[in-house]
Amino acid sequence: MPGPKETGSGTPFSRWLFKHTVQPVGPETMESTTAEQSSWWKVMCLTGVDYFSTLSYLPSIAVLAAGAVSPIATLLIVALTLLGMLPMYRRVAKESPHGQGSVAMLERLLPFWQGKIFVLILLGFVATSWIITITLSSADATVHLIENPLTPDALDGQAVTITVLLLLVLGGVFLLGFREAVNVAIPLVTVFLGLNAIVIVEGIVRLVTEPVAFEQWVAALTSSSGFSGIIVPALLAFPLLVLGLSGFETGVSMMPLVASKGATPEERLASRIRNTKKLLTAAAVIMSVFLISSSLVTTILIPAEAFEAGGEANGRALSYLAHDFLGDGFGTVYDISSVLILWFAGASAMAGLINIVPRYLPTYGMAPEWSRSVRPVVLVYTTISILITIAFNADVDAQAGAYATGILAMMVSASFAVLVSAIRRRQRVASVGFTVLTQILGYAFVENVIEKPDGITISLFFILGIVTVSVVSRLARTTEIRAERIEFDDAARQFIKDSLIYDSRLSIIANRPGVGDAAEYLEKELSQRRLNPVPGRADVLFLEINIIDPSEFREVLQVHGVEVDGHRVLRADSPAAPNAIAAILLAMRDATGVRPHAYFEWSEGNPLLHMMRYILLGRGDTPPVVREIIREVENDPHERPVIHVGG
């Protein structure tokens, strides 16, 4: 039996605006009919514009933080990538395969409102990380553009304007669609990695043919104060370099975009998991090779003073080598590639935001239903990014703390999620490994908060904003029909059919579940016949709603027919009784063409208290809420199910 009838917008603009939607949380996300899917390696390029673009600045950060032991510090990051982050996110891809990432795994740990609040806090860190990734990367691209010697002097001092224009173009790409964003990412990543490979290979050739610099570096390394002189600086630099791992969470959040094969939904899901693991593994291996090799050549072949503030290699070590090794022509091409990939690094973050945040907030009733649609969400995120850019004056350094805080918070949450999973499955080796990983990432997070406390402050503003919007939206949407669809089993259908055959009416008595015996239903029927205008010989059906986790918002209503000593009962589980009753009455009307008459009795107690109980617990003074929901759905009073209240 279908759900209540809906009306849709028919304007060409609205059809275009709301064409693509993000599927909600849950098993129904297994088969998305609106996501534009691509081969795993193409989606890897979209993830990689963020992940791989860190090669533009990470080697410089490593040298500044660790000096001559930079390659050792980078080796620790590579070890963490291959032995920690990769196994962790491969597990996340398997256990949360619908694009919700580690957030969904953590949500399952806490039921009721605790779980929703926990998810909102995590989404605050997610929004911090990915929104700041968009604004910071665009601002960094602007800096590279303005500082290029070929750039006209007229652009000096126009960082905010240029960054805003880059953000508008980025948003425009996503308004066209995901496939367009993927198609832009592929050449950007290919060219950027190719240019980096040329520079690094040239550097390695020089190290081999002219080994003096390498020998001097080895001598400097071995002359340091023993083992601790190498490891301690590497460990101290570790929290800064861990930011080079930012692409993993984005990778699993974009799983719905990964194409798959199979004859059944289960086979296609398994294929998507395998392909996502290929994506994660390929990205990790590629980045590990580039990190080690780039760190080695930049540390050994660039003078230390060039990395200092104002130095030619500060923030652009590989670009420095590109100009030095292969001339200004090649160096300029490298700079252009860096600017483009840094600008489009925001695309990876935008894709992550689109694929994860709308899966939760609308499902919780904590954002308007239109926020499932991709294009309106792109407009919102682009607007927020522009406002943040203006607020921070397009300053890269001012946004760095928030960027690090958000990314590290996501990594810690993911490591904790897989740790709990391993413990519950009694996997001892995995439990030990993920415990160590959680401690390492936790250390990096705490160090970052201590070093840059402004980052956690900005994250708290994002969390506060999400919570505020969520509360307001939840209150505004209390009287919506929440059912995605309504399914009546065979017994329920037969009860409705028999009742119509008996007297061509649908007389429904709402009953709060109690003992569930024949005496309860007999007493309830007699009571309603005294209180309400139930026709004397009318055939009646009882309707009961069992409240389950009232923190949920939308669900599939499954109505079951049960007979108790001759009393026929329609039962359903729902987070909110009034919304479920209204949806079922409207569905019965639409399926049969008969307006149901529903009979209630007034509840005792303070109306304000009933309102709070309804919002938090899913039940209160039910009849007026049922009538209001029906009134908002059906404009014609003569078509509405009839609500009777007595007592």
Side-chain angles (χ1 to χ4, degrees), residues 47 50-51 54 77 80-81 84-85 88-89 91-92 96 99-110 114-137 238-253 345 348-350 352-353 355-357 359-361 381 384 388 398-421 434-467 470:
T47 303
D50 174 26
Y51 191 24
T54 58
I77 291 296
L80 178 66
T81 299
M85 303 297 289
M88 176 176 80
Y89 277 103
R91 186 166 189 139
V92 171
S96 180
Q100 301 104 301
S102 58
V103 177
M105 296 177 65
L106 290 169
E107 181 193 26
R108 293 194 290 265
L109 300 178
L110 293 173
Q114 301 99 308
K116 303 299 181 292
I117 294 172
F118 186 56
V119 168
L120 290 181
I121 293 172
L122 285 180
L123 291 180
F125 283 112
V126 169
T128 302
S129 171
W130 285 339
I131 288 288
I132 298 297
T133 296
I134 294 170
T135 58
L136 183 145
S137 298
F238 173 79
L240 294 174
L241 301 185
V242 80
L243 299 181
L245 306 175
S246 61
F248 282 101
E249 187 76 32
T250 311
V252 293
S253 74
S348 178
M350 181 74 81
L353 282 167
N355 275 293
I356 191 168
V357 176
R359 296 188 188 282
Y360 287 95
L361 297 187
Y381 292 152
I384 293 173
I388 290 175
Q399 301 174 69
Y403 175 67
T405 299
I407 288 176
L408 287 168
M410 285 196 297
M411 292 179 182
V412 172
S413 67
S415 63
F416 179 72
V418 296
L419 171 60
V420 172
S421 173
F434 290 132
T435 297
V436 173
L437 179 62
T438 303
Q439 292 173 339
I440 292 172
L441 296 175
Y443 154 73
F445 178 77
V446 171
E447 283 294 312
N448 178 76
V449 170
I450 294 173
E451 185 71 22
K452 298 179 179 179
D454 58 315
I456 194 69
T457 302
I458 295 171
S459 295
L460 290 175
F461 275 109
F462 273 96
I463 293 170
L464 179 62
I466 285 180
V467 171
S470 298

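Rounding to the nearest 0.5 Å places OG1 of T81 at 11.5 Å from OH of Y89. E451 CD to T405 OG1: the interatomic distance, rounded to the nearest 0.5 Å, is 11.5 Å. Residue L136 holds its CG atom at 12.5 Å from CD1 of I131, rounded to the nearest 0.5 Å. The CG atom of L122 lies 8.5 Å from the CD1 atom of I463; values are rounded to the nearest 0.5 Å. With rounding to the nearest 0.5 angstrom, the OG1 atom of T47 is 10.5 Å from the CZ atom of F248. M350 contributes atom CE, which lies 13.0 Å from atom CG of D50 (distance to the nearest 0.5 angstrom).
The backbone N or O of I132 sits less than 3.5 Å from a side-chain atom of T135, completing a donor-acceptor pair. Side chain of S96 to backbone of V92: no donor-acceptor contact under 3.5 angstrom is found.
The residue from L441, I440, L437 that alone fulfils the side chain to side chain contact (heavy atoms under 4.5 Å, CB included) condition with M411 is L441.
The minimum heavy-atom distance between T133 and S137, with the atom names listed, is O-OG, 2.8 Å. Nearest approach of M88 to A414, heavy atoms of both residues: SD-C, 3.7 Å.
Residues satisfying the side-chain contact (heavy atoms from CB on, under 4.5 Å) test with L419, not counting sequence neighbours, are I423, F434, T435, T438. Every side-chain contact (heavy atoms from CB on, under 4.5 Å) that A409 has, sequence neighbours left out, goes to F125, F445.
Sorted pairs that involve residues 457-466 and meet side chain to side chain donor-acceptor pair (under 3.5 Å), not counting sequence neighbours, are lacking altogether.
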- [ ] Could you walk me through whether F462 and I458 pass side-chain contact (heavy atoms from CB on, under 4.5 Å), step by step?
- [x] CA-CA 7 Å; F462 273 96; I458 295 171; 3.8 Å; yes

